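Each chain gets a letter, A, B and so on, in the order its sequence line appears, and its residues count up from 1. Because the structure is a prediction, the values reported are computed rather than measured.
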Amino acid sequence: MILVFVETINGQIKKAGLEALTYGKKLAEKAGLSCKALVLGPASDPSACGIYGASVTIHIADAGYTPFDSQTYTNAITEVAVKEGATVVILSHTANGKSLVGRVAVRLKAGSVSGVGELPSQMSPFTVRKGAFSGKAFADYQILTPISVLSVMGNALQPEATGVAAPVVNLEFPATPSRSKVVKVDKVEGIVPLPEATVVVSGGRGLKGPENWGILEDLADVLNATTACSRPVADSGWRPHHEHVGQTGIAIRPNLYIAIGISGAIQHLAGVNRSKVIVVINKDSEAPFFKAADYGVVGDLFEVVPRLTAAIRKSQAAG
Amino acid sequence: MKILVAVSKTPDTTAKIGFTDDNTRFDTNGVQFIMNPYDEWYALVRALELKEAQGGQVTVISVGEVDCDQIVRKALAIGADDAIRVDMAPSDAYSVAAEIAHHARTSNYDLVFLGKESIDYNGSEVGAMVAEILDWPFISYANKLELNGSVATVNREVEGGVETVETTVPFVLSAAKDLAEQRIPNMRGIMMAKTKPLNVVQPTGELARIRIAQYTLPKEKSSVKLVDADNMDELVRLLKEEAKIL
Ligand SMILES: Cc1cc2nc3c(=O)[nH]c(=O)nc-3n(C[C@H](O)[C@H](O)[C@H](O)COP(=O)(O)OP(=O)(O)OC[C@H]3O[C@@H](n4cnc5c(N)ncnc54)[C@H](O)[C@@H]3O)c2cc1C
Ligand SMILES: Nc1ncnc2c1ncn2[C@@H]1O[C@H](COP(=O)(O)O)[C@@H](O)[C@H]1O
């Protein structure tokens with residue numbers, strides 16, 4: 001069977017969790033296996049895992065799982081995996097997921113591939129593709145052990161709400177005491193975090209200075225987009241570091257990436273070139289970014305961006 | 001405090017990626033190799049700062065063949081006290097992690113620092129595996145670390161924010177941007193590195209659990225569709241009707 005560990009936040013299933021479930025369901029259909037979900041900690045509606053593909057939700061409701069700890073979580077995930085006889089364990093490629101993949105794999109003596117974006121191409125030998133060299137290539141990995149552990153890259157597939165609520169099996173497995181504890185969480189409220197964003201508006205040195213970000217934020221507003229930036233922009237303190245995308249920043253794959261005043265250096269492209277559609281706005285028609293773009297506008301961003309924002313507003317008003 | 005810092009060799013960020021032998025092997029021809037930036041800029045430097053503040057020892061460990069010596073020497077030039085190179089071609093995260101954990105345990109290190117991910121295989125897996133083998137806490141994506149006696153306060157990057165975690169020595173940490181400021185080796189460091197111990201050791205022989213069967217290059221984008229800067233209505237139409245994205 002396939003066990004999907006479904007991440008939650010404040011008791012709600014995360015988008016990354018829905019994506020992992022959808023991946024699990026599709027793999028289950030392809031491989032003729034069953035797919036069960038595991039939810040850790042208090043959750044408002046664990047049966048919803050069924051809507052996204054699980055036949056059963058296993059719920060360990062102990063509040064000890066509210067703060068994340070890689071050891072505590074690994075204990076619970078592997079306990080359930082062994083009990084259920086899971087041959088595939090699916091996690092999300094999130095900050096927490098990345099702390100778990102290696103741990104869960106070692107505990108289960110399993111091979112693991114993190115950050116997969118496609119379904120396995122075959123089950124025997126278990127073969128699955130993932131990006132390598134920071135988006136510059138793909139590698140087809142074979143897992144050589146009876147159990148496989150995978151983590152699913154954000155935005156790699158659309159969650160599909162095609163099923164029905166699943167029966168919930170409550171399991172007693174209290175969180176074990178651990179040597180690390182979360183003492184504080186500072187979250188920027190109201191903004192979709194970059195790795196989950198489906199639309200990203202990103203600015204580079206072409207904007208000339210932090211005081212000019214207003215036009216970019218207006219565009220992001222009408223698109224309900226998350227803002228990002230190139231590395232020198234973050235390094236100069238024009239924008240916060242968590243907005244830095246690229247090979248040494250965050251790697252993203254939104255449906256739409258709009259690059260404004262960014263030249264398209266290879267290290268920048270490495271983090272964004274798996275976006276589904278790329279729009280580049282740059283005054284230099286020779287900017288390397290145009291080679292990686294689907295749509296391009298050669299022009300002065302200070303004129304083009306407000307025009308684009310107005311055009312989108314107009315189109316939204318027209319319905 | 002004895003700190004073990006894991007450093008890996010990766011292609012330079014500007015390297016052109018290609019493959020040989022029927023796309024089963026990475027073509028290293030003409031590729032420059034560097035120390036993985038997260039390992040060099042953040043994990044190593046934070047370890048050195050801790051040593052400078054409270055004494056101790058910083059050892060770098062790299063799992064790789066003789067061509068790794070260049071990055072290991074650089075780590076020594078930046079300030080590590082000594083180095084271990086486990087003489088094997090690294091083929092998967094598990095077999096690498098098993099070697100690192102083995103040395104952490106047998107030589108009684110208090111802390112193991114790694115980069116948050118290697119920029120070649122982008123696994124973000126080795127750190128968690130080392131932690132699991134050692135049965136230590138693992139704090140990933142750390143961008144701030146304060147150590148007070150044996151109590152550590154760590155900020156880690158999570159989606160949309162920062163989480164502050166408290167833990168105690170021993171633990172494993174993976175380093176993200178901001179954990180420290182990059183250091184450039186100076187002449188004195190480079191000279192001293194030549195006499196610092198670089199111990200080449202044999203692997204324990206733990207087997208890989210995954211292998212790469214084949215590589216593929218992404219499809220080239222078909223050429224860009226240019227839209228006139230005066231006609232943003234057209235761009236919106238294309239995004240709506242052609243790309244079906246708005
Ligand atoms: C090891 C290493 C790792 C790196 N990692 C990253 C990374 O993760 N992410 C990253 O982004 N970079 C990274 N870099 C840096 C990268 O090489 C580039 O230097 C950087 O991406 C350039 O940023 P930029 O495009 O904002 O600035 P620039 O290269 O200066 O480009 C500015 C662009 O704005 C355009 N422009 C200027 N004015 C206007 C205007 N009025 N209207 C329209 N267009 C205008 C210009 O034509 C130009 O193309 C890394 C570098 C190294 C060495
Ligand atoms: N061959 C290696 N030798 C030593 N350390 C490594 C090796 N490969 C990976 N690491 C460490 O593990 C971290 C994460 O790598 P990865 O799991 O491959 O993304 C890197 O930043 C290094 O600190």
Side-chain angles (χ1 to χ4, degrees), chain A residues 70-71 94-95 98-103 106-107 111-115 127 131-134 136-145 178-188 191 193 195-196 241 247-248 255-256 266-267 277 290 292-299 304 307-308 311-312 315, chain B residues 11 13-14 17 37 93-94 97 119-129 131-133 137-141 156-168 171 177-178 208-218 221 224-227 229 232-233 235-236 238-240 243 245-246:
Chain A
S70 67
Q71 282 174 297
T94 54
K98 289 174 195 170
S99 301
L100 290 172
V101 182
R103 276 210 112 110
V106 166
R107 190 81 66 92
S112 51
V113 179
S114 65
T127 308
F133 300 101
S134 303
K136 293 174 197 169
F138 295 102
D140 293 332
Y141 282 91
Q142 287 178 351
I143 298 184
L144 309 170
T145 50
S178 81
R179 270 205 289 121
S180 88
K181 66 169 193 286
V182 177
V183 291
K184 198 167 93 194
V185 184
D186 283 322
K187 287 238 165 137
V188 190
I191 303 174
E196 294 173 15
H241 275 308
Q247 187 157 16
T248 52
N255 294 337
L256 176 60
I266 189 162
Q267 299 96 345
V277 173
F290 284 117
D294 300 282
Y295 300 101
V297 182
V298 179
V304 172
R307 263 184 229 147
L308 176 57
I312 294 167
S315 140
Chain B
T13 54
T14 56
I17 304 300
Y94 175 70
I119 62 170
D120 46 4
Y121 295 100
N122 312 106
S124 245
E125 289 198 79
V126 174
M129 289 179 170
E132 180 60 24
I133 298 169
F138 175 50
I139 317 294
S140 64
Y141 284 67
R156 65 185 284 260
E157 286 173 6
V158 294
E159 288 79 20
V162 176
E163 200 171 83
T164 307
V165 180
E166 248 174 43
T167 189
T168 52
F171 60 88
K177 187 168 178 170
D178 274 0
R209 291 176 175 171
I210 62 173
R211 64 180 285 265
I212 292 176
Q214 185 140 45
Y215 293 98
T216 343
L217 290 171
K221 283 247 176 195
V224 55
K225 198 171 252 184
L226 288 179
V227 180
M232 285 303 100
D233 290 336
L235 179 58
V236 173
L238 286 168
L239 291 175
K240 257 180 136 163
I245 216 90
L246 285 186

Quick one, Thr13(B) with Gln247(A), criterion side-chain hydrogen bond (donor to acceptor under 3.5 Å, both in side chains). Give me CA distance, side-chain angles, the key distance, then yes/no.
CA-CA 8 Å; Thr13(B) 54; Gln247(A) 187 157 16; 4.7 Å; no
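- To the nearest 0.5 angstrom, Asp186(A) atom CG is 10.0 Å from Glu163(B) atom CD.
- Taking a 6.0 Å sphere around NZ of Lys187(A), one finds it holds more than 12 heavy atoms contributed by other residues, nucleotides or ligands.
- Chain A forms more heavy-atom pairs under 4.5 Å with one residue of Glu157(B), Met232(B), Lys240(B) than with any other, namely Met232(B).
- Residue with the most contacts toward chain A among Ala131(B), Pro37(B), Ala93(B): Ala131(B) (heavy-atom pairs, distance under 4.5 Å).
- Annotation: maximal heavy-atom pairing with chain A below 4.5 Å, among Thr167(B), Ile210(B), Leu238(B), occurs at Ile210(B).
- The contact between Leu226(B) and chain A is made by backbone and side chain atoms together, counting heavy-atom distances below 4.5 Å.
- Between the side chain of Asn122(B) and the backbone N or O of Ser134(A) there is at least one donor-acceptor pair closer than 3.5 Å.
- In this structure, chain A has no heavy atom under 4.5 Å from any part of Ala97(B).
- Thr164(B) OG1 to Lys181(A) NZ: the interatomic distance, rounded to the nearest 0.5 Å, is 12.0 Å.
- Comparing Val126(B), Leu235(B), Leu246(B), Leu217(B) by how many heavy-atom pairs each has under 4.5 Å with chain A, the most go to Leu235(B).
- Interface residue Ala139(A): backbone and side-chain heavy atoms are both found under 4.5 Å from chain B.
- With a threshold of 4.5 angstrom between heavy atoms, Thr94(A) approaches chain B through its backbone and through its side chain.
- Contact tally against chain B (heavy-atom pairs below 4.5 Å) for Val101(A), Ile312(A), Leu308(A): the top residue is Leu308(A).
- With a 4.5 Å cut-off on non-hydrogen atoms, Asp178(B) touches chain A through its side chain but not through its backbone.
- Interatomic distance, OG1 of Thr145(A) versus OH of Tyr94(B), reported as 11.0 Å (0.5 Å rounding).
- Side-chain contact between Thr14(B) and Gln267(A) is present, with at least one heavy-atom pair separated by less than 4.5 Å.
- Gln214(B) touches chain A through backbone and side chain together, each having a heavy atom under 4.5 Å away.
- For Phe138(B), the parts lying under 4.5 angstrom from a heavy atom of chain A are both the backbone and the side chain.
- Neither the backbone nor the side chain of Ile191(A) comes within less than 4.5 Å of any heavy atom of chain B.
- When the candidates Ser124(B), Gly127(B), Ala128(B) are compared by the number of heavy-atom contacts under 4.5 Å with chain A, Ala128(B) comes out ahead.
- Looking at Ser112(A), the atoms closer than 4.5 Å to chain B (heavy atoms on both sides) sit in the backbone and in the side chain alike.
- With chain A as the partner, the residue from Ala208(B), Ser140(B), Gly161(B), Pro137(B) showing the most heavy-atom pairs under 4.5 Å is Pro137(B).
- Rounded to the nearest 0.5 angstrom, Asp120(B) CG and Phe133(A) CZ are separated by 5.5 Å.
- The heavy-atom pair separating Ala311(A) from Val236(B) by the smallest distance is CB-CG2, 3.7 Å.
- With a threshold of 4.5 angstrom between heavy atoms, Ile17(B) approaches chain A through side-chain atoms but not through N, CA, C or O.
- In this structure a side-chain-to-backbone donor-acceptor pair under 3.5 Å is present from Glu159(B) to Ala95(A).
- Considering only heavy-atom pairs separated by less than 4.5 Å from chain B, the leading option among Phe290(A), Tyr141(A), Tyr295(A) is Tyr295(A).
- Heavy-atom pairs under 4.5 Å with chain B were tallied for Gly111(A), Gly296(A), Pro193(A); the largest tally goes to Gly296(A).
- Residue with the most contacts toward chain B among Gly299(A), Ser178(A), Ala292(A): Ala292(A) (heavy-atom pairs, distance under 4.5 Å).
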CA sep, side-chain torsions, deciding dist, call: Arg179(A), Thr168(B), side-chain hydrogen bond (donor to acceptor under 3.5 Å, both in side chains):
CA-CA 6 Å; Arg179(A) 270 205 289 121; Thr168(B) 52; 3.2 Å; yes
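- How far CG of Asp140(A) is from CZ of Arg211(B): 11.0 Å, rounded to the nearest 0.5 Å.
- In this structure, Lys225(B) NZ and Asp294(A) CG are separated by 10.0 Å, a value rounded to the nearest 0.5 Å.
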